[in-house]
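What follows is a single structure, written as structure tokens, with notes after it.
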Amino acid sequence: MTVITHARRKSRLAKMIDSAGGVSVGVALTRARANVAALRGRGLEEVARCIDDLAALKPPTDSEETFRTLQQAYRSANHVIDAAAPFDLPEICAVASSLCDVIDRVSAEAVPDWRIIDVHVRSLRLLHGLPANAADERRQITDHLALMVARKFASPET
């Protein structure tokens, strides 16, 4: 059996980590929310720019162009999610995520049906243009889009 005969000293770093730091959690959250609110305008501009990038993509005509165009669409949809998430825009994030899922599904096709991607881009534009208090309209857009995606990729009955 080992017996420690001297007292272990805490390092200065351990003491700093254990100390409160002078800011309560509530104050830190309030400050963080204020910082995010101050950036909301720039964030919404970035969301709009990413949606415009998606809208500018043209339907591909061959398999090589399809690969490049779908990659760009996927990147732009991810940028939409990254730009919208901090600003409490869950519907925009959900539609952009759905677009990523659709791109994954259609990437195996030589020339995918571009209409489903176009509907996602139009939905993103609609959602981005709606006022903050239009919760019913936002829900309707996301519900109808989810229904369309489910119908498009429904497995054929045997």
Side-chain angles (χ1 to χ4, degrees), residues 17 19-157:
I17 290 171
S19 67
V23 178
S24 71
V25 172
V27 170
L29 286 173
T30 301
R31 288 180 185 170
R33 285 187 192 106
N35 290 339
V36 169
L39 297 172
R40 186 174 178 85
R42 284 186 11 203
L44 293 177
E45 288 173 8
E46 182 65 16
V47 170
R49 188 192 63 75
C50 293
I51 294 171
D52 289 343
D53 289 349
L54 281 166
L57 294 174
K58 302 291 183 224
T61 55
D62 60 31
S63 60
E64 186 176 310
E65 188 180 348
T66 297
F67 179 75
R68 284 194 314 270
T69 305
L70 289 177
Q71 274 189 324
Q72 181 59 43
Y74 197 91
R75 278 193 301 271
S76 294
N78 273 314
H79 289 184
V80 169
I81 295 168
D82 291 343
F87 304 105
D88 195 30
L89 301 169
E91 295 88 2
I92 289 178
C93 291
V95 171
S97 179
S98 173
L99 178 56
C100 289
D101 292 342
V102 164
I103 291 169
D104 283 340
R105 288 179 173 182
V106 301
S107 62
E109 299 174 14
V111 180
D113 184 359
W114 198 257
R115 294 176 299 174
I116 193 164
I117 294 171
D118 190 45
V119 169
H120 277 82
V121 174
R122 290 172 189 243
S123 297
L124 285 168
R125 280 204 167 155
L126 279 171
L127 289 168
H128 188 263
L130 286 174
N133 61 353
D136 287 340
E137 290 85 353
R138 292 176 187 283
R139 184 187 46 74
Q140 288 176 0
I141 291 169
T142 55
D143 288 351
H144 285 99
L145 185 66
L147 182 62
M148 181 207 56
V149 170
R151 285 183 181 164
K152 169 72 177 165
F153 295 107
S155 59
E157 295 179 297

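Values below: all heavy atoms of this structure, side chains included; hydrogens, waters and symmetry mates excluded.
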Distance-only donor-acceptor hits, side chain of residues 101-108, under 3.5 Å, sequence neighbours excluded:
from: S107; atom 1: OG; to: D104; atom 2: O; distance (Å): 3.0

What pairs of donor and acceptor atoms, side-chain ones from residues 43-55 against any protein atom, are under 3.5 angstrom apart with sequence neighbours left out?
from: E46; atom 1: OE1; to: R49; atom 2: NE; distance (Å): 3.3
from: E46; atom 1: OE2; to: R49; atom 2: NE; distance (Å): 3.4
from: E46; atom 1: OE2; to: R49; atom 2: NH2; distance (Å): 2.5
from: R49; atom 1: NH1; to: D53; atom 2: OD2; distance (Å): 2.7
from: D52; atom 1: OD1; to: R125; atom 2: NH2; distance (Å): 3.0

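- Applying the salt bridge (charged side-chain N to carboxylate O under 4.0 Å, His left out) rule to pairs touching residues 71-85 yields nothing, sequence neighbours excluded.
- Evaluation of the side chain to side chain donor-acceptor pair (under 3.5 Å) rule for T61 yields E65 as partners, not counting sequence neighbours.
- With sequence neighbours excluded, the residues satisfying side-chain contact (heavy atoms from CB on, under 4.5 Å) with D88 are P90.
- Two residues are said to be in side-chain contact when any heavy atoms from C-beta on lie closer than 4.5 Å; E91 and V95 fail this criterion.
- Residue pairs meeting the side-chain hydrogen bond (donor to acceptor under 3.5 Å, both in side chains) criterion with at least one partner in residues 132-143, sequence neighbours excluded, are R139-D143.
- Atom CG in L130 sits 11.5 Å away from atom CG in L89 (nearest 0.5 Å).
- Remark: R115 engages D113 in a salt bridge (Lys or Arg N to Asp or Glu O under 4.0 Å) (not counting sequence neighbours).
- Contact between W114 and P59 at its shortest, heavy atoms only, is CD1-CG, 3.5 Å.
- To the nearest 0.5 Å, the span separating CG on L127 from CD1 on I141 amounts to 4.5 Å.
- The salt bridge (Lys or Arg N to Asp or Glu O under 4.0 Å) search around R40 returns none, not counting sequence neighbours.
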May I have the list of side-chain donor-acceptor pairs in residues 117-124 shorter than 3.5 Å, sequence neighbours left out?
from: D118; atom 1: OD2; to: R122; atom 2: NE; distance (Å): 2.9
from: D118; atom 1: OD2; to: R122; atom 2: NH2; distance (Å): 3.3
from: H120; atom 1: ND1; to: I116; atom 2: O; distance (Å): 2.8
from: H120; atom 1: NE2; to: S98; atom 2: OG; distance (Å): 2.8
from: S123; atom 1: OG; to: V119; atom 2: O; distance (Å): 2.8

Intermediate values then yes/no, side chain to side chain contact (heavy atoms under 4.5 Å, CB included), L99 and Y74 = CA-CA 8 Å; L99 178 56; Y74 197 91; over 6 Å; no
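- Between atom CZ of residue F67 and atom CG of residue D62 there is a gap of 13.0 Å, rounded to the nearest 0.5 Å.
- Closest of all the heavy-atom pairs between V36 and P86 is CG1-O, 3.3 Å.
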